[in-house]
Amino acid sequence: METGKYNGVYLSVLAGAGGDDAKDWADMLFRMYARYADRKGWKSTNIDDRMLHIKGQEVYEALKSDHGVHRLVRISPFDAKKLRHTSFALVEIVPAIPAPELSSVKIPEKDLKIEFFRSSGPGGQNVNKVETAVRAVHLPTGIVVSSQSERAQSANRDKAIEILKIKLLELMKEKHETAVENLKIKVKPEWGHEIRSYVLHPYKQVKDHRTGEKNSRVEEVLDGNLDVLFGKKK
């Protein structure tokens with residue numbers, strides 16, 4: 001399928017090393033993209049904590065360049081001494097490939113681990129009383145996908161495996177592999193290889209490390225107005 005035909009993405013944000021600061025930074029990025037989706041009139045659904053399914057015309061084309069490590073520099077709200085901290089988070093953006101087109105991705109049963117847990121998201125009181133949420137783990141690579149957006153455990157299992165297959169397919173393309181069985185290396189975020197930095201102290205700036213472009217409207221960007229980023233229309 002050509003990229004122009006995708007009508008949505010799965011966007012997830014993973015906190016890097018750094019404890020509370022890193023988790024808070026991941027939450028900030030997640031809010032930024034959720035607000036941006038609202039600004040663009042796209043439909044977004046929470047699949048899991050810090051994972052969105054965003055639907056809309058040319059969403060993948062608009063967001064795919066944001067895939068990568070994002071860095072934040074600020075005075076930590078968790079530091080009693082008010083020192084400056086640097087935090088990292090990984091933004092993963094994969095196209096929402098229709099389930100029928102994933103039939104070629106075969107995951108050996110021995111390589112798949114399925115876990116069930118109680119949903120912490122919306123969906124009513126019954127959701128929190130039973131283990132309807134599902135976590136799918138691809139053991140050879142370490143890729144983990146969770147879903148708790150559906151009421152039924154079976155539906156969440158299907159959704160988690162669908163997204164897992166998409167991530168494996170994207171990894172196969174990246175590694176130039178033709179079979180899932182060949183993906184044996186543990187997948188780890190490459191902290192220190194950031195594509196973009198957001199600085200709130202001692203000055204305000206957002207910088208793209210791939211192009212060198214800079215913008216001082218970092219707080220506006222973090223509030224979800226990504227259209228001002230380097231003058232780029234998304």
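Keep in mind that this is a model prediction, so the values were computed, not measured.
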### Contact summary for Val206 and Val221, nearest pair of heavy atoms
CG1-CG2, 4.5 Å
### Summary
Correct closest heavy-atom pair for Asp111 and Pro140 would be CG-CG, 3.5 Å
### Task
With side chain to side chain donor-acceptor pair (under 3.5 Å) as the test, would you mind laying out the steps for Tyr198 and Arg196 before giving the verdict?
CA-CA 7 Å; Tyr198 308 71; Arg196 188 180 298 155; 3.1 Å; yes
### Query
Does the pair Val73 and Tyr203 meet the rule for a side-chain contact (heavy atoms from CB on, under 4.5 Å), with working shown?
CA-CA 10 Å; Val73 180; Tyr203 52 87; over 6 Å; no
### Query
Quick one: does Val199's side chain get under 4.5 Å of Lys204's, heavy atoms only?
no
### Task
Using the rule that two of Ile, Leu, Val, Met, Phe, Trp, Tyr join whenever any of their side-chain heavy atoms come within less than 4.5 Å, decide whether Phe78 and Leu72 are in one cluster.
no
### Rounded distance (nearest 0.5 Å) linking atom CZ of Arg135 with atom CG of Leu164
13.0 Å
### Query
Taking all atoms of both residues into account, what is the closest heavy-atom pair of Asp66 and Ile93, and its distance?
CB-CD1, 3.8 Å
#### Entry: Over 12 foreign heavy atoms within 6.0 Å of CD, Gln57
no
### Query
Out of Val105, Val9, Val94, which one pairs with Ile166 under the side-chain contact (heavy atoms from CB on, under 4.5 Å) rule?
Val94
### Summary
Only one of His70, Gln205, His209 passes side-chain hydrogen bond (donor to acceptor under 3.5 Å, both in side chains) with Ser197, and that residue is His209
### Query
Would Arg84 and Asp79 pass as an ion pair if we require N to O under 4.0 Å?
no
### Query
Is Glu219 salt-bridged to Arg217, cutoff N-O under 4.0 Å?
no
### Message
Can you confirm whether Ser147 sits close enough to Val134 that some side-chain heavy atom of one is under 4.5 Å from a side-chain heavy atom of the other?
### Response
no
### Task
Give a yes or no answer on whether the side chain of Lys113 reaches the backbone of Lys110 with a donor-acceptor pair at less than 3.5 Å.
no
### Query
Should Val13 and Leu11 be marked as a side-chain contact (heavy atoms from CB on, under 4.5 Å) after you check the CA-CA gap, both sets of side-chain angles, and the distance that decides it?
CA-CA 7 Å; Val13 185; Leu11 183 150; 4.0 Å; yes
### Query
Is there a path of hydrophobic side-chain contacts, each under 4.5 Å between heavy atoms of I, L, V, M, F, W or Y residues, that connects Leu112 with Phe116?
yes
### Query
Are Ile195 and Val228 co-members of a hydrophobic cluster defined by side-chain heavy atoms under 4.5 Å apart?
no
### Message
Working to the nearest 0.5 angstrom, can you tell me the gap between Asn156 CG and Glu131 CD?
### Response
12.5 Å
### Query
To the nearest 0.5 Å, how far apart are NZ in Lys159 and CE in Met51?
10.5 Å
### Query
Taking it one step at a time, do Asp21 and Arg74 satisfy salt bridge (Lys or Arg N to Asp or Glu O under 4.0 Å)?
CA-CA 10 Å; Asp21 275 291; Arg74 65 171 175 175; 3.5 Å; yes
### Task
Would you please test Asp49 and Gln148 for side-chain contact (heavy atoms from CB on, under 4.5 Å) and show each step?
CA-CA 9 Å; Asp49 295 335; Gln148 54 178 309; 3.9 Å; yes
## Note on the structure
Closest non-hydrogen atoms of Thr132 and Arg151, given as atom of the first, atom of the second and distance, are CG2-O, 3.3 Å
### Query
Minimum heavy-atom separation for Ile47 to Leu52, with atom names?
CG1-C, 4.4 Å
### Message
Are Arg35 and Asp223 packed together at the side-chain level, in the sense that at least one heavy-atom pair is separated by less than 4.5 angstrom?
### Response
yes
### Query
What's the shortest heavy-atom distance between Tyr10 and Pro95, and which atoms?
CD1-O, 4.4 Å
### Query
After noting the C-alpha distance and the side-chain angles of Glu213 and Lys207, does the key distance pass the salt bridge (Lys or Arg N to Asp or Glu O under 4.0 Å) rule?
CA-CA 6 Å; Glu213 292 184 271; Lys207 177 180 178 180; over 6 Å; no
#### Entry: From Glu162 atom CD to Lys167 atom NZ, the distance as rounded to the nearest 0.5 Å
12.5 Å
### Query
Side-chain heavy atoms under 4.5 angstrom apart, residues restricted to Ile, Leu, Val, Met, Phe, Trp, Tyr: same cluster for Leu183 and Ile107?
yes
### Message
Side chains of Leu169 and Lys165, heavy atoms from C-beta outward: is any pair under 4.5 Å?
### Response
no
### Task
Take Thr178 and Met172 through the test side-chain contact (heavy atoms from CB on, under 4.5 Å) and record every step on the way to the result.
CA-CA 7 Å; Thr178 57; Met172 287 167 63; 5.6 Å; no
### Query
Between atom CD of Glu150 and atom OG of Ser119, what is the distance when rounded to the nearest 0.5 Å?
10.5 Å
### Message
Rounded at 0.5 Å granularity, tell me how far OG1 in Thr211 sits from CG in Asp208.
### Response
3.5 Å
### Query
Got Phe30 and Asn46 here, is their nearest side-chain heavy-atom distance under 4.5 Å?
yes
### N-O pairing of Lys40 and Asp227 below 4.0 Å
yes
### Query
For the hydrophobic clusters of this structure (ILVMFWY residues joined by side-chain heavy atoms under 4.5 Å, transitively), does one cluster hold both Val218 and Tyr33?
yes
